[in-house]
Each structure stands twice: as C-alpha cells, then as structure tokens.
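The structure appears right after this line, and notes come after that.
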Amino acid sequence: MSALAEEFPYYPVSAASDEDEGVVRPTRVMIDLNALADNFQAIRQRVAPSKVMPILKANAYGHGLVPVARLMERLGADYLGVAVLEEGILLRKMGIRTPILVLGGIWGSQVPLFLKYDLTLAASSIEKLQQIDQAAEALGTVARVHLKIDTGMERIGVHFYSAEAFLEASLKCRHVQVEGIFSHFANADAADLTSSRLQLERFQEVLRFYEKRSLPLPMCHMANSAAILRLPEAYFDLVRPGILLYGVYPSPEVPRTVAVRPALTWVSRVVYFKVTKPGHPVSYGWTWKPQRMTRIVTVPVGYGDGYFRAMSNKAQVLIRGKRYPQVGRICMDQMMVDIGWESAYNGDEVVLIGCQGEECITVEDLAAWADTIPYEILTNINTRVPRIYIGDGVGEAEGR
Ligand SMILES: Cc1ncc(COP(=O)(O)O)c(C=O)c1O
C-alpha cells in the first residue's frame with residue numbers, strides 16, 4: 001500500500017485496496033485532496049485573522065470523514081466541527097488531536113463519553129449545561145463547552161431574548177469552561193440579507209453580556225459558507241465552512257467572493273449494451289420508450305448509491321465526452337442511458353459528477369434534476385461507493 005493510501009484509507013470500510021483495483025465495482029467517487037487543500041487555504045485567507053473550523057458532518061459532506069479530517073489537521077485547521085457524538089469519537093479513535101466541537105443536540109447520558117474523548121460540547125439549554133456540569137464534577141474534570149444561542153433558526157439553542165439567564169447560569173458552573181458561544185444563520189444563502197443582519201444584531205446584543213460584566217468574551221462564531229462569502233461582519237473569532245470547503249457554492253444567490261473548485265468526481269463504467277426497438281419501454285413502470293431504434297447502455301449506479309430515483313428521465317451523464325440522457329426509472333443499483341446511434345462500449349467511463357473532455361456535470365445539475373440542494377446530493381452518496389483519494393493534499397496555493 002502506498003504511503004498515501006495508508007494515510008487516507010478507504011472509509012468507511014470498503015473491499016477495495018490498491019491490489020484489488022481491478023475487481024472492485026467501477027462506480028467510485030474520487031476526492032481531490034489538492035482541491036480541498038486549496039479551498040481551505042482560500043477560505044483561511046479570506047477570513048484572516050479569524051480562524052477556521054471545517055465542518056465535517058455527514059461523512060464530510062460525502063467526502064470521507066477521516067481522510068478529510070486528517071487533511072484538515074495537517075493543514076493546521078484550528079478546530080473541527082461534526083454533528084453527532086459518534087463522528088467525534090471516530091475521529092479521536094483514528095488519532096485526530098485537533099479540538100472537535102460536536103454541533104448537534106446532546107442527551108445527558110452522553111456527556112461522560114464527550115469527556116472521555118475530549119470533545120467540546122454544544123450546550124443548548126440551562127438544563128443541559130447543568131447536566132454537563134454534574135457529569136464533569138462526577139468525573140473530576142472540567143468540560144469544554146460552547147453555548148448555543150438561537151437568533152432565529154428555532155432549532156437548538158437558547159433564544160436570544162432569554163440568553164441572559166443562560167449566560168448567568170454558565171458562570172455558576174464550576175466544572176464547565178465556556179470556551180465559546182455561537183449561533184447559526186437561517187437565510188445567509190438567500191438573495192435578501194435583511195433577516196441575516198437581524199440575526200447578527202441579536203447575537204451581538206447577547207454578547208454584550210460579557211462587556212457589561214467586564215468579563216472576557218468567549219470564542220464567538222456564527223458564519224457558515226454563505227456568510228463567509230458575503231457577511232464579513234459575522235466572522236468573529238472563527239468561521240464554520242461546510243459546503244464551500246468542498247468547492248460548492250451554497251446557492252446561486254450568493255456572490256462567489258472566494259474562489260473554490262469542486263473536490264468530488266463521481267464516475268462509473270458502461271456494464272452492458274443493447275439495441276432497443278421503438279415502442280419497447282425501459283425499466284420499472286415503463287415510464288420511457290424509444291421513438292426509434294436506439295442504443296441503450298446500462299450503468300451500475302442506482303438510488304442505492306445515492307443517485308436519486310427522483311432524477312429518472314431528467315438526469316444526464318457523460319460518455320466519450322458527450323452528454324446523454326438517463327432514461328426509464330433509475331433502479332436501486334443500475335440505470336439506463338440512451339446513446340442514440342452513437343458508440344459506447346462496455347468499460348467506457350461514465351461521468352455522473354465531473355468533467356470529461358469539454359463537458360462537465362455539476363452537483364448543482366444533479367440537485368436541479370432531483371429538485372433538491374447540492375448538500376443533499378453530496379451527503380447521500382452511499383458509503384458503498386468507494387472513495388479514492390487523489391493528490392498529495394498540499395494544494396497549489398502552497399507554492400508548488
Ligand atoms: C451549526 C452549523 N454550522 C455550520 C454549518 C456549515 O454550513 P455550510 O455547509 O452552509 O457552510 C452547518 C451546516 O449545516 C451547521 O449546522
């Protein structure tokens with residue numbers, strides 16, 4: 001195994017290894033570590049002197065939790081953000097030493113595990129703060145906590161208008177170190193920034209608590225990718241980029257003020273070829289039939305891989321540098337493509353996301369066909385699709 005393969009192993013478990021290259025299914029996701037590195041550096045430059053917390057939840061937006069965390073650690077990320085306890089524990093078990101904030105809600109019974117694995121907790125109510133305090137006391141330790149303020153998301157966190165009592169309570173916890181305080185934008189990716197500015201003002205008002213009591217401000221953070229692109233006032237001490245790190249812009253409404261490029265390519269190969277007669281419908285439900293004699297190729301990718309069934313009869317793929325329509329219902333593990341009277345052969349590469357020749361298919365294209373957002377496309381590429389890591393992760397920004 002190459003040093004790179006050892007450092008960036010297939011994750012989660014896949015049968016693939018360098019030696020088995022020829023026998024694994026040809027459907028695979030390729031992650032360009034150099035693109036990730038360059039994206040990280042571009043974000044870091046844009047927000048400096050604020051620090052950067054790459055968001056690695058949901059298998060690093062489909063890019064592979066552990067390899068992306070290793071790369072971010074190597075690049076000197078200041079903090080890592082995940083959604084759930086298990087993601088944090090896995091990173092610790094895999095040797096990640098960078099501070100990790102678990103952004104999601106917690107149950108009291110989980111607190112000892114947070115402490116055991118040196119994970120930072122998001123405290124989202126007085127009750128949870130007290131549970132953390134008690135668990136830390138029982139273990140003879142101090143829990144590192146970031147207080148979650150709800151400024152308009154109505155998800156987790158204490159409402160901005162009730163935050164004073166929450167912050168007061170935090171000062172009384174002897175076994176809690178309030179390292180940070182944060183909030184989250186609901187609409188930073190929308191054309192109109194009015195509600196985001198309102199959320200920002202609410203957060204700033206909450207922070208005045210510390211000033212009024214002459215207490216040092218904890219580490220403050222609020223900016224997701226969209227806010228990084230367009231709301232420098234929201235950078236505070238740390239920013240939390242998710243989608244932008246992976247080279248995808250959060251929405252078409254957001255100005256592209258940081259240059260990033262997609263790190264993920266999704267490919268497969270033609271596994272079958274047949275000629276289909278006019279009037280002979282294709283796939284489940286017979287939702288599509290050719291008008292004339294045509295060539296249909298089968299590609300071993302389906303909704304079981306995260307290629308959404310909702311894209312049936314809308315999606316396109318690239319074969320031999322040309323775009324072709326996917327036809328008939330997308331099955332769990334296979335789908336059909338109409339190549340008309342062009343040529344394609346078993347083994348030909350099929351690009352689902354990425355470029356081939358002059359043509360490119362983007363995550364945004366898939367999102368439009370599936371009537372969803374790029375986030376959902378990326379996070380749904382199933383773990384049975386092997387991830388292959390390319391590039392050394394140094395990136396072009398590092399003086400190559
Ligand atoms: C609390 C929190 N911070 C940051 C992010 C990153 O968001 P984005 O991918 O839009 O940058 C998320 C993702 O939803 C989040 O939930």
Side-chain angles (χ1 to χ4, degrees), residues 43 46-53 55 78-79 81 83 99 101-106 120-133 143-173 176-242 244 250-251 253-255 257:
I43 295 167
R46 163 84 187 185
V47 305
S50 300
K51 296 182 171 177
V52 181
M53 176 194 285
I55 300 300
D78 302 287
Y79 230 109
L101 171 63
V102 179
L103 295 159
I106 55 170
T120 307
L121 300 100
S124 51
S125 69
I126 292 182
E127 192 197 358
K128 289 186 196 279
L129 199 52
Q130 286 163 351
Q131 285 170 346
I132 297 168
D133 195 39
R144 217 174 322 112
V145 160
H146 287 210
L147 304 176
K148 181 74 191 273
I149 308 299
D150 183 351
T151 53
M153 182 79 179
E154 299 293 339
R155 193 164 67 176
I156 60 169
V158 175
H159 286 123
F160 61 99
Y161 46 80
S162 313
E164 193 164 341
F166 181 44
L167 271 48
E168 286 285 3
S170 76
L171 298 177
K172 297 198 183 100
C173 295
V176 164
Q177 179 211 346
V178 178
E179 181 192 62
I181 179 164
F182 71 114
S183 191
H184 189 54
F185 286 111
N187 298 312
D189 59 346
D192 182 359
L193 274 176
T194 312
S195 66
S196 296
R197 293 197 194 286
L198 179 64
Q199 279 195 264
L200 183 57
E201 272 168 33
R202 289 170 173 172
F203 188 51
Q204 283 162 336
E205 184 55 39
V206 169
L207 299 180
R208 278 192 199 105
F209 172 92
Y210 293 97
E211 198 186 301
K212 281 189 235 150
R213 286 165 180 72
S214 304
L215 291 169
L217 257 184
M219 187 190 293
C220 304
H221 48 108
M222 188 167 190
N224 55 2
S225 295
I228 290 169
L229 290 165
R230 64 207 300 227
L231 265 177
E233 312 89 287
Y235 289 172
F236 296 104
D237 299 305
L238 189 81
V239 299
R240 304 191 307 263
L244 196 62
S251 79
E253 275 73 37
V254 176
T257 56

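Computed from a predicted structure; not experimentally measured.
Pairs passing the salt bridge (Lys or Arg N to Asp or Glu O under 4.0 Å) check and including a residue from residues 226-241, sequence neighbours excluded, read Arg197-Glu233.
Residues meeting the salt bridge (charged side-chain N to carboxylate O under 4.0 Å, His left out) test with Glu253, sequence neighbours left out: none. In this view, Ile156 and Ser124, Lys148 satisfy the side chain to side chain contact (heavy atoms under 4.5 Å, CB included) rule, not counting sequence neighbours.
For the atom pair CE (Met53) and CG (Leu103), the distance works out to 6.5 Å, reported to the nearest 0.5 Å. Considering CG of Leu231 and CG of Leu193, their distance stands at 5.0 Å, rounded to 0.5 Å. The structure places CZ of Arg46 at 4.0 Å from OG1 of Thr257, a figure rounded to the nearest 0.5 Å. With values rounded to the nearest 0.5 angstrom, Tyr210 atom OH is found 3.5 Å from Leu167 atom CG. Taking CZ from Phe185 and CG from Leu200, the interatomic distance works out to 5.0 Å, rounded to the nearest 0.5 Å. Atoms NE2 and CG, from His146 and Leu121 in turn, are 9.5 Å apart once rounded to the nearest 0.5 Å.
Nearest heavy atoms, Leu129 versus Ala169: CD2-C, 4.1 Å. Nearest approach of Pro241 to Ser225, heavy atoms of both residues: CA-OG, 3.9 Å. Minimum interatomic distance between Ala227 and Ala188 (heavy atoms only, all atoms of both residues): N-CB, 4.0 Å.
The local environment of CD in Glu127 is sparse, with at most 12 non-hydrogen atoms from other residues, nucleotides or ligands closer than 6.0 Å.
The backbone N or O of Asp189 lies less than 3.5 Å from a partner atom in the side chain of Ser251, making a donor-acceptor pair. Under a 3.5 Å cut-off, the side chain of Ser50 and the backbone N or O of Phe236 do form a donor-acceptor pair. The backbone N or O of Ile106 sits less than 3.5 Å from a side-chain atom of Lys128, completing a donor-acceptor pair. Checking side-chain atoms of Glu164 against main-chain N and O of Phe209 turns up no donor-acceptor pair under 3.5 Å. Listed for the Ser183 side chain is no donor-acceptor partner under 3.5 Å among the backbone atoms of Met222.
A heavy-atom distance below 4.5 Å is not found between the side chains of Cys173 and Ile132. Side-chain contact between Ser170 and Val176 is absent, with no heavy-atom pair separated by less than 4.5 Å. Side-chain contact check for Val206 versus Arg202: every heavy-atom pair is 4.5 Å or farther apart. Residues Pro250 and Asn224 form no side-chain contact, since every pair of their non-hydrogen atoms from C-beta on lies 4.5 Å or further apart.
Considering Tyr235, Tyr79, Phe182 as possible partners of His221, the one that fulfils the ring pair (Phe, Tyr, Trp, His ring centres under 6.0 Å) test is Phe182. For the pairing with Phe203, the side chain to side chain contact (heavy atoms under 4.5 Å, CB included) check across Asp150, Thr151, Leu198 returns one residue only, Thr151.
Between Glu205 and Arg208 a salt bridge is recorded (basic side-chain N to carboxylate O distance below 4.0 Å).
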### Message
Using side-chain contact (heavy atoms from CB on, under 4.5 Å), reason through Val158 and Leu147 one step at a time and then give a plain yes or no.
### Response
CA-CA 9 Å; Val158 175; Leu147 304 176; over 6 Å; no
